[in-house]
K.L.:
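Let me give you the structure first, and then I'll get to my questions.
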Amino acid sequence: MKRILLMVFRNILLVPYMWCRLCYHASHTEKYTEDEQYDLLKFIVLRANKGGNVRIETHGIENIPKENGYMFFPNHQGLYDVLAILEACPRPFSVVAKKEIKNIQFLKQVFACMKAYMIDRENVRQAMQVIIDVSNEVKNGRNYLIFAEGTRSKNGNRIGEFKGGSFKAATKAKCPIVPVALIDSFKPFDTNTVSKVTVQVHFLKPLYYDDYKDMKTPEIAALVHDKIQDTIDKNEKK
């Protein structure tokens with residue numbers, strides 16, 4: 001909370017204007033292209049990070065597929081995760097997020113601009129429809145992000161089990177799966193400090209359809225999990 005207040009305070013002259021723009025863009029998504037929405041979000045996040053003493057250290061940009069229609073699978077550390085990847089990633093993407101966060105101000109508007117899907121984990125039919133819709137959109141060239149842990153880890157840079165079902169949209173779309181390792185992404189919003197923090201975002205080498213077509217989704221989940229945890233272990237600053 002302290003860091004959010006710092007972000008607002010250091011951008012106090014810009015906040016009213018940008019908040020109005022964000023809300024307008026979120027309420028009129030039909031008026032803007034995906035690139036226009038993404039440019040706005042990146043500008044807001046860059047200013048917020050600078051004001052909030054947050055530095056994003058990006059690795060592996062070259063591993064992002066050249067053609068659209070891929071899916072990111074990062075570890076999940078906290079509410080800040082999507083914002084970290086948003087600054088780091090040069091290309092637009094959308095998100096599949098749990099419905100419990102759909103009414104959190106600012107994130108609500110960000111996800112609206114991204115045309116994100118909110119998934120109800122208690123409603124099997126709705127969850128399956130989201131998987132079908134996302135796989136179809138990925139086939140048509142949209143990029144998506146899914147947190148395969150299902151909920152954020154409470155153990156810092158130790159990640160939880162990845163759920164095999166989270167990979168069904170990717171296997172249906174036969175798209176590249178890009179593991180993303182987040183390091184210290186829990187610190188900006190989930191620790192009670194405003195000291196300078198560096199969040200690492202590592203885009204790992206993608207798994208293409210030929211790499212995983214003979215694997216079951218739990219096997220894909222375990223492979224992606226281990227690649228991410230190995231990257232964290234090698235790069236985490238103790």
Side-chain angles (χ1 to χ4, degrees), residues 25-26 28-42 60-76 81-82 85-86 88-99 101-102 110-121 123-150 162-182 201-225 227-228:
H25 276 240
H28 299 85
T29 56
E30 75 285 352
K31 291 187 176 183
Y32 302 98
T33 66
E34 193 165 35
D35 285 333
E36 289 172 333
Q37 296 282 49
Y38 198 67
D39 287 343
L40 172 67
L41 296 178
K42 281 184 76 75
I61 288 289
E62 69 280 2
N63 290 325
I64 299 176
K66 299 295 186 291
E67 295 184 2
N68 289 323
Y70 50 82
M71 296 188 70
F72 291 132
F73 287 89
N75 55 307
H76 195 10
D81 296 347
V82 171
I85 298 171
L86 215 157
C89 183
R91 309 245 293 282
F93 64 91
S94 189
V95 178
V96 177
K98 58 185 180 181
K99 70 168 188 175
I101 65 173
K102 70 178 182 179
V110 168
F111 287 155
C113 288
M114 299 175 87
K115 294 184 178 179
Y117 280 96
M118 296 292 132
I119 194 166
D120 182 353
R121 293 175 295 181
N123 187 330
V124 176
R125 180 175 294 182
Q126 188 265 358
M128 285 302 300
Q129 188 59 52
V130 168
I131 289 172
I132 293 169
D133 291 343
V134 168
S135 65
N136 288 334
E137 290 197 18
V138 173
K139 286 179 184 177
N140 290 324
R142 290 198 85 207
N143 309 314
Y144 269 87
L145 179 154
I146 292 181
F147 292 110
E149 288 165 275
F162 277 23
K163 309 295 191 298
S166 301
F167 292 84
K168 287 183 179 178
T171 57
K172 283 181 177 293
K174 300 180 180 180
C175 70
I177 291 171
V178 185
V180 183
L182 296 174
V201 180
H202 294 258
F203 297 102
L204 310 187
K205 290 183 178 180
L207 297 173
Y208 291 95
Y209 181 63
D210 283 345
D211 298 323
Y212 65 78
K213 65 182 181 181
D214 297 323
M215 300 173 66
K216 296 179 180 179
T217 52
E219 295 174 319
I220 299 171
L223 177 61
V224 172
H225 172 283
K227 285 179 177 290
I228 291 174

K.L.:
Roughly how far, to the nearest 0.5 Å, is the NZ atom of K172 from the OG1 atom of T217?
P.N.:
11.0 Å

K.L.:
Aromatic rings F167 and F73: how do their planes relate, parallel, tilted or perpendicular, breaks at 30° and 60°?
P.N.:
parallel

K.L.:
What pair of heavy atoms forms the shortest contact from K227 to P179, and how long is it?
P.N.:
CD-CG, 4.5 Å

K.L.:
Are V201 and L182 side-chain neighbours, meaning at least one heavy-atom pair lies under 4.5 Å?
P.N.:
yes

K.L.:
Rounded to the nearest 0.5 Å, how far does CD of Q129 lie from OH of Y117?
P.N.:
8.0 Å

K.L.:
Main chain of R91, side chain of Y38: is a donor-acceptor contact present, judged purely on distance under 3.5 Å?
P.N.:
yes

K.L.:
Whether the side chain of S94 engages the backbone of K115 through a donor-acceptor N/O pair (distance < 3.5 Å, no angle test) should be reported.
P.N.:
yes

K.L.:
Return yes if some donor-acceptor pair links the side-chain N/O of K163 with the main-chain N/O of E149 below 3.5 Å, else return no.
P.N.:
yes

K.L.:
Which atom pair, heavy atoms only, marks the closest approach of P176 to P65?
P.N.:
CB-CG, 3.9 Å

K.L.:
Using the test ring pair (Phe, Tyr, Trp, His ring centres under 6.0 Å), find all partners of Y208 that sit at least two apart in sequence or belong to another chain.
P.N.:
none

K.L.:
About how many Å separate CG of D133 and CE of M128, when rounded to the nearest 0.5 Å?
P.N.:
11.0 Å

K.L.:
Could you check whether any side-chain heavy atom of D211 comes within less than 4.5 Å of a side-chain heavy atom of I177, counting everything from C-beta outward?
P.N.:
no

K.L.:
What's the shortest heavy-atom distance between S166 and I146, and which atoms?
P.N.:
O-CD1, 3.7 Å

K.L.:
Using modelled atom types only, decide if a donor and an acceptor are shared between the side chain of N143 and the backbone of N68 within a distance under 3.5 Å.
P.N.:
no

K.L.:
Would you mind reporting whether V178 and N63 have side-chain heavy atoms less than 4.5 Å apart?
P.N.:
no

K.L.:
Return the CD1 to NZ distance between I119 and K98, rounded to the nearest 0.5 Å.
P.N.:
12.0 Å

K.L.:
Using modelled atom types and a 3.5 Å cut-off, is there a donor and acceptor pairing between side-chain atoms of Q126 and backbone atoms of M118?
P.N.:
yes

K.L.:
For a 4.5 angstrom cut-off between non-hydrogen side-chain atoms, does N123 reach K99?
P.N.:
no

K.L.:
Any side-chain heavy atom of F93 within less than 4.5 Å of one from M114?
P.N.:
yes

K.L.:
The criterion is ring pair (Phe, Tyr, Trp, His ring centres under 6.0 Å); which residues satisfy it with F111, sequence neighbours excluded?
P.N.:
none

K.L.:
Can a donor-acceptor pair be found, under 3.5 Å and without considering hydrogens, that links the side chain of K42 to the backbone of C89?
P.N.:
yes

K.L.:
So for atom CD, which belongs to E67, do other residues, nucleotides or ligands contribute more than 12 heavy atoms lying within a distance under 6.0 Å?
P.N.:
no

K.L.:
Grab the two heavy atoms, one from C113 and one from A26, that are nearest each other, plus how far apart they are.
P.N.:
SG-N, 3.6 Å

K.L.:
How close do A169 and S135 get, heavy atom to heavy atom, and via which atoms?
P.N.:
O-CB, 3.4 Å

K.L.:
For residues Y212 and L207, report the shortest heavy-atom separation together with the two atoms involved.
P.N.:
CE2-O, 3.7 Å

K.L.:
Can you tell me how far the CZ atom of F147 sits from the CZ atom of F162, to the nearest 0.5 Å?
P.N.:
10.0 Å

K.L.:
What I want to find out is whether R142 reaches E34 closely enough, with some N-O distance under 4.0 Å, to be called a salt bridge.
P.N.:
yes

K.L.:
When rounded to the nearest 0.5 angstrom, what distance separates OH in Y209 from CG in D214?
P.N.:
8.0 Å

K.L.:
P74 versus D81: any side-chain heavy-atom pair under 4.5 Å?
P.N.:
no

